[in-house]
Amino acid sequence: MKIGELSKKCGLSIDTLRFYEKIGLLEKPLRDGGGHRVYDPAIMQWLGFLARLKETDMPLKKQVEYAKLRAMGNKTAALRRELLENHLQELLEEQKRLKDNINALKTKITIYRQIEKDIDDDNQHKPQPNS
């Protein structure tokens with residue numbers, strides 16, 4: 001498939017696909033007789049995985065490192081696994097920080113709800129001025 005079709009299928013712009021190729025996230029594709037890039041449909045799976053790495057905030061530098069290791073074949077499986085395990089550990093630590101922050105916010109919200117309830121209760125028990 002040509003770059004325009006790939007762009008439509010994966011949701012990345014043509015410029016992004018060219019940039020990915022330039023920095024090493026995508027291997028250089030074959031070229032047709034007119035010099036146009038021709039991509040194997042299997043690239044969609046790789047682009048899907050790159051999207052997942054991006055969603056998890058893996059730094060671009062680490063994504064490129066992973067892509068270079070991937071291009072070297074199965075002999076780099078252990079290095080790729082380690083890179084992913086390190087990233088997973090970072091995500092788990094971030095998840096814990098987020099959980100702690102969520103719990104702190106929930107506690108603060110509960111406090112404010114109680115303050116609001118106390119204010120409402122105080123206002124209901126105050127004598128109302130005669131009109």
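If you read the sequence from its start, that first residue is 1, and numbering goes on from there.
To the nearest 0.5 Å, the span separating CD on Glu94 from NE2 on His87 amounts to 10.5 Å. Distance check, rounded to the nearest 0.5 Å: CG of Asp15 to NZ of Lys22 gives 11.0 Å. Distance check: Ile14 CD1 to Ser7 OG gives 5.0 Å after rounding to the nearest 0.5 Å. Taken from CG in Leu17 to CG in Leu6, the straight-line distance is 5.0 Å, to the nearest 0.5 Å. Lys99 NZ to Gln95 CD: the interatomic distance, rounded to the nearest 0.5 Å, is 8.0 Å. The line from NZ of Lys108 to CG of Leu105 is 10.0 Å long, rounded to the nearest 0.5 Å.
Taking the charged nitrogens against the carboxylate oxygens, Lys2 and Asp32 do have a contact shorter than 4.0 Å, which makes a salt bridge. Under the 4.0 Å criterion applied to side-chain N and carboxylate O atoms, Lys62 and Glu65 are assigned as salt-bridge partners.
Side-chain polar atoms of Gln114 and Asp118 form a donor-acceptor pair below 3.5 angstrom. Defined by atom type and a distance below 3.5 Å, a donor-acceptor pair is present between the side-chain atoms of Ser13 and Thr16.
The environment of CG in Asn74 is sparse: at most 12 heavy-atom neighbours from other residues, nucleotides or ligands sit within 6.0 Å. In this structure, Glu27 places its CD atom where only 12 or fewer heavy-atom neighbours from other residues, nucleotides or ligands lie under 6.0 Å away. Arg52 CZ: 12 or fewer foreign heavy atoms inside a 6.0 Å radius. Remark: Arg97 CZ is packed, more than 12 non-hydrogen atoms of other residues, nucleotides or ligands lying under 6.0 Å away.
Transitive grouping of hydrophobic side chains (ILVMFWY, heavy atoms separated by less than 4.5 Å) keeps Val38 and Ile3 in distinct clusters. No chain of hydrophobic side-chain contacts below 4.5 Å, direct or via other Ile, Leu, Val, Met, Phe, Trp or Tyr residues, connects Leu91 to Leu50. By the criterion of side-chain heavy atoms lying less than 4.5 angstrom apart, applied directly or through intervening Ile, Leu, Val, Met, Phe, Trp or Tyr residues, Met58 is not grouped with Leu88; the two fall into different hydrophobic clusters. Phe49 and Leu26 fall within the same hydrophobic cluster, where Ile, Leu, Val, Met, Phe, Trp and Tyr residues are linked whenever their side-chain heavy atoms come under 4.5 Å apart, directly or through other members.
Relative orientation of the Trp46 and Tyr66 rings is parallel, given thresholds of 30° and 60° on the angle between their planes.
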**Request:** Quick one: do Met72 and Leu79 satisfy side chain to side chain contact (heavy atoms under 4.5 Å, CB included)? Show the steps, please.
**Result:** CA-CA 11 Å; Met72 295 168 69; Leu79 293 171; over 6 Å; no
**Asked** Step by step, would you call Leu30 with Asp40 a side chain to side chain contact (heavy atoms under 4.5 Å, CB included)?
**Response** CA-CA 9 Å; Leu30 298 174; Asp40 186 299; over 6 Å; no
**Message:** Let's go through Leu60 and Gln63 carefully: what are the C-alpha distance in whole Å and the side-chain angles of both, what is the deciding distance for side chain to side chain contact (heavy atoms under 4.5 Å, CB included) to 0.1 Å, and is it a yes or a no?
**Reply:** CA-CA 5 Å; Leu60 194 55; Gln63 290 179 47; 4.2 Å; yes
**Asked** Can you check side chain to side chain contact (heavy atoms under 4.5 Å, CB included) on Leu25 and Phe19, steps first, answer last?
**Response** CA-CA 8 Å; Leu25 279 178; Phe19 174 70; over 6 Å; no
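In this structure the side chain of Lys8 never reaches within 4.5 angstrom of the side chain of Glu5, judged on heavy atoms. With a 4.5 Å cut-off on side-chain heavy atoms, Arg31 and His36 do not count as touching.
In this view, Glu85 and Arg81 satisfy the salt bridge (Lys or Arg N to Asp or Glu O under 4.0 Å) rule, not counting sequence neighbours.
Through direct or indirect side-chain contacts shorter than 4.5 Å among Ile, Leu, Val, Met, Phe, Trp and Tyr, Ile115 is connected to Ile111, Tyr112, Ile119.
Side-chain atoms of Thr107 come within 3.5 Å of backbone atoms of Asn103 as a donor-acceptor pair (strictly under, hydrogens ignored).
Closest heavy-atom contact between Glu21 and Pro29: OE1-CD, 3.4 Å. Nearest heavy-atom pair across Leu69 and Thr76 is O-OG1, 2.6 Å.
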